[in-house]
> 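Quick one: the structure is below, and I'll ask about it shortly.
Reminder, nothing fancy here: chain letters follow the sequence lines and each chain counts from 1.
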2 protein chains.
Amino acid sequence: MTELEKGPQGRRRGRGARERIISASQQLFREQGINRTGMDQLCAAAQVSKRTAYQHFTGKDELVAEYLRRFDPSVLSGVFDRTDLTPRERLLAAFDVPPTTPLCPYIGAAVELHDPQHPASQYARDYKEAVAARLADTAREAGAAEPEQLGEQLALLIDGAAARTRVLNADAFPTAAAIAAVLIDNAIPASSPRQPSDDRGTTGSAPVPVGGQ
Amino acid sequence: MTELEKGPQGRRRGRGARERIISASQQLFREQGINRTGMDQLCAAAQVSKRTAYQHFTGKDELVAEYLRRFDPSVLSGVFDRTDLTPRERLLAAFDVPPTTPLCPYIGAAVELHDPQHPASQYARDYKEAVAARLADTAREAGAAEPEQLGEQLALLIDGAAARTRVLNADAFPTAAAIAAVLIDNAIPASSPRQPSDDRGTTGSAPVPVGGQ
DNA sequence: TGTTATGTACACCGCCCTGTGTGCTTAAGG
DNA sequence: CCTTAAGCACACAGGGCGGTGTACATAACA
């Protein structure tokens, strides 16, 4: 019941009701928050009957988890893969986010759901740790003295900018970028642009797609 | 109708129902969140009838705003006033918070209410700006080159630690403190422990009590 | 034709929420 | 005594919520 779009016999009618539901959740959960968005409103926006929605998702909780999992990683997406940038530039590029997103949805979900055991909360935790690991990998590639520490620090800056942007209603990412520049300069022992360092992969790659602010 | 405890003729019966309501909101809103705490539960915890509660507060929104306004600033309280510490030590002491509080209530309120026009959201914004101003004042006192910038940076670190602590379920304040130490060392031009600098007060003092993480 | 899978429309349930209306009790002042 | 006011107990309204039951419509197979 998880896979559709091409059923067991190749049928398809509404052309992806599930996709419309997820798409609507992307918009409404981010615009209004999770708790303030009812299933009635969501189904109406998705042009899907409530009955159908509950055939695709066992409940709102599962939909929320899927909403986070399928969140379009458009903000940070590709930053870590840009080979045209040096590792150091890649680290700084993580703070060049357009002032579009109102709040990192992972933080929002963790606060709104208020339950660390909720699947969405667990995924948010995994995601944040994956981002920190990716940053640490890049920091190691850039030749940082303590890449793990630098990755965690940069991740904290991203979250701080996101939270502060939300509370103050003003873009806080430039401030975070300024701090990041200082930290990076302090951590990289001066002109070690690209070190082969074949001992990469100690932290492993991110198990989830990396994206979002 | 705002003042009681001594009515127009000097009457008083329940000995501060309003205080009990606010006290209960402090506990429940922080433990469970705002949206997940109903007025029924809150009134029961405060040992106050619902009828009485709605005679003191026109609605839950007003109570939420008052909850933030009256929030016991126990975490950062007094940090800025500790004359036994140097300004530099005071800045660092802001990150020595016991891992008690689950989340800065101002961030939580801003996320949960999801409405920048809500009185509580506006107060949260004022509060965060006041904290940054206080940090900037202390940074100026410590002889920082650009105190405004340092204050904003340290405030971002505090918020980042709070948000990240919530999402990861792990104390992120040590990481923030480490960053703060780097920033402070970079901003203070080496051994300017206490500069008279009578040009203080350009940013003005905080209009609200400063406290909380 | 019939079956099966998929989706729809609509009404409905039970629960909890914020918020009130009504009437009663307790105390203080005159 | 009576008046006035603070507070309480109780019930209930109105609405949104998550979630479901029923009956119907469409399409691809067989």
> Rounded to the nearest Å, what distance is computed from the CD atom of residue Gln47(A) to the P atom of nucleotide dT6(C)?
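Between P of dT6(C) and CD of Gln47(A): 21 Å.
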> Which nucleotide in the list dT18(C), dC17(D), dT8(C) gets nearest to the side chain of Lys60(A)?
dC17(D)
> Anything under 30° is parallel, anything over 60° is perpendicular, the rest tilted; go ahead and classify Tyr106(A) against Tyr123(A).
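Tyr106(A) vs Tyr123(A) ring planes: tilted.
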> With a cut-off of less than 4.0 Å, is there a side-chain N or O of His56(B) near OP1 or OP2 of dG7(D)?
yes
> For Arg36(B) and dG18(D), give me the distance from atom CZ to atom P, rounded to whole Å.
11 Å
> Once you round to the nearest 0.5 Å, how far does CD of Gln26(B) lie from CD of Glu66(B)?
9.5 Å
> What is the distance, to the nearest angstrom, from the CD atom on Glu62(A) to the C1' atom on dG18(D)?
14 Å
> Is any side-chain heavy atom of Glu148(A) less than 4.5 Å from a side-chain heavy atom of Glu152(A)?
no
> If I take atom CD in residue Gln55(A) and atom C1' in nucleotide dC24(D), what distance separates them, rounded to the nearest angstrom?
14 Å
> Which whole-number value in Å describes the distance from Asp40(A) CG to dA9(C) C1'?
13 Å
> Separation of Asp61(A) atom CG from dG18(D) atom P, in whole Å?
10 Å
> Side chains of Gln32(B) and Thr37(B): donor-acceptor distance under 3.5 Å anywhere?
yes
> Counting C-beta onward and ignoring hydrogens, is there a side-chain heavy-atom pair between Leu135(B) and Phe80(B) closer than 4.5 Å?
yes
> Please report the distance, rounded to the nearest Å, between OH in Tyr54(B) and P in dC17(C).
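The distance from OH of Tyr54(B) to P of dC17(C) comes to 11 Å, rounded to the nearest Å.
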> Could you state the atom-to-atom distance from CZ of Arg18(A) to P of dA5(C) in whole Å?
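To the nearest whole Å, that distance equals 18 Å.
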> With a 4.0 Å heavy-atom cut-off, tell me which residues in residues 110-120 of chain A come close to DNA chain C, sorted by residue number.
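Those residues: none at all.
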> Is it true that Arg90(A) and Asp81(A) have a side-chain N and a carboxylate O under 4.0 angstrom from each other?
no
> Can you figure out which of dT18(C), dT8(C), dC17(D) approaches the side chain of Thr52(A) most closely?
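Looking only at heavy atoms from C-beta outward on Thr52(A), the closest nucleotide is dT8(C).
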> Let me have a per-nucleotide readout for nucleotides 10-16 of chain C, 5' to 3', with B, S or -, counting only protein heavy atoms under 4.0 Å.
-------
> Would you find more than 12 non-hydrogen atoms of other residues, nucleotides or ligands less than 6.0 Å from Glu62(B) atom CD?
yes
> Indicate yes or no: at least one non-hydrogen side-chain atom of Thr58(B) is less than 4.5 angstrom from one of Leu63(B).
no
> Measuring from Ile22(B):CD1 to Arg70(B):CZ, what's the distance to the nearest 0.5 Å?
4.0 Å
> Mind checking if Gln41(B) touches a base, just sugar-phosphate, or nothing, with heavy atoms under 4.0 Å?
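If one applies the 4.0 Å heavy-atom cut-off, Gln41(B) turns out to touch nothing in the nucleic acid.
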